[in-house]
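Quick notes on the structure that follows.
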2 protein chains.
Amino acid sequence: MSVRVLEHPSVEEIRLEAVLHALADPARLEVVCFLARTEGEAACSEIDLAVSKSTGTHHYRVLREAGVINQVYQGTAKMNSLRKADLDALFPCLLDSVVSAAAKRPRRDQGSTSGAGRPRTHQGE
Amino acid sequence: MSVRVLEHPSVEEIRLEAVLHALADPARLEVVCFLARTEGEAACSEIDLAVSKSTGTHHYRVLREAGVINQVYQGTAKMNSLRKADLDALFPCLLDSVVSAAAKRPRRDQGSTSGAGRPRTHQGE
DNA sequence: GCCGTAGTACGATGGTCGTCGTAGTATGGT
DNA sequence: ACCATACTACGACGACCATCGTACTACGGC
């Protein structure tokens, strides 16, 4: 009886171009910013993305395969967290500067999306 | 009698995703790293890219339209420079962290390409 | 004027990418 | 066992992207 295990690139396999490519998409940047604001990890279902569920699955896979996020199953849910330590070691300041740059820009969709802007705290504890 | 003028996006028009997308390509990253090492500006012909001239033109256009580089004609040559001040104002630390991350990685092609790794100084003066 | 050089518009090609719906799998609760 | 939930593999679609060759434009030197 095995729990589902997901493949992640090792630190040596993480490529700068793949990371930049992963971060260059609005939906994936949204996920990364959400996780940057969240202590610990967050399930996919906690993050509202303005795309279908199957597209969301695609985007999470791109982030994982680029080495930007760590994913682990807990029951049916997939818990996500940034590989901040790895990315900061490989590319110092990159993640922080991207996240803070994304946070500063004017957001047009902030009024229309619910929940994506803020991580839920103290839920299911 | 007009000199050829190139369109550049204003600071307000520069988008984080477009910048990240522009930097996510190996050839374009090569150009940006070259220009980061170069004081002042460099002509396209000074930067050896491992692609054809027409593909090179395509890549320079992507960088310019993303707002990463400034381009100006001097005779038949196009002089390129990074829009460092603009990018640092918009996305503090981003350009520096990308460039230093790119500089740190092991380069497999460094032995096979000539000149791209180092800007030529005191040539044609 | 011609010539050499730098760079390009155009069109084509093949691959990549983001998108989605559908039918499916895996899990935990009952 | 069933059920609800989270998530996904698959295939499809249309747009985007990187690539190149060809014929071209613009420029400065002579």
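Naming convention: chains lettered A, B, ... in sequence-line order (proteins, then strands); numbering from 1 in each chain. In this text the structure is predicted, and so the values were computed from the model without any measurement.
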Checklist line | Nearest-0.5 Å distance that lies between atom CG in B:L90 and atom CG in B:L95 | finding: 11.5 Å
Check: In Å, rounded to the nearest 0.5 Å, how long is the span from CD of B:E30 to CD1 of B:I47?
Finding: 9.0 Å
Measure [atom1]/[X] against [atom2]/[N] and give the value in whole Å, please.
{"X": "B:E41", "N": "C:dA6", "atom1": "CD", "atom2": "C1'", "result": "15 Å"}
{"X": "B:E17", "N": "C:dG18", "atom1": "CD", "atom2": "C1'", "result": "14 Å"}
{"X": "A:D48", "N": "D:dA6", "atom1": "CG", "atom2": "P", "result": "12 Å"}
{"X": "B:M79", "N": "D:dC27", "atom1": "CE", "atom2": "P", "result": "16 Å"}

Do [X] and [Y] have side chains that get closer than 4.5 Å, going by heavy atoms?
{"X": "B:N80", "Y": "B:R64", "result": "no"}
{"X": "B:V68", "Y": "B:R28", "result": "no"}
{"X": "A:L20", "Y": "B:V98", "result": "yes"}
{"X": "A:R61", "Y": "A:T57", "result": "no"}
{"X": "A:L29", "Y": "B:L16", "result": "yes"}

Notebook entry, point to check: For residues 64-77 of chain B, which residues have at least one heavy atom under 4.0 Å from DNA chain D?
Noted result: B:G75, B:T76
Next item on the list: Would you please name every residue forming a side chain to side chain donor-acceptor pair (under 3.5 Å) with B:D86, sequence neighbours left out?
Entry: B:R83
Notebook entry, point to check: When every nucleotide of nucleotides 18-24 of chain D is labelled 5' to 3' by its protein contacts under 4.0 Å (heavy atoms), B for base, S for sugar-phosphate only, - for none, what sequence of letters results?
Noted result: SBBB---
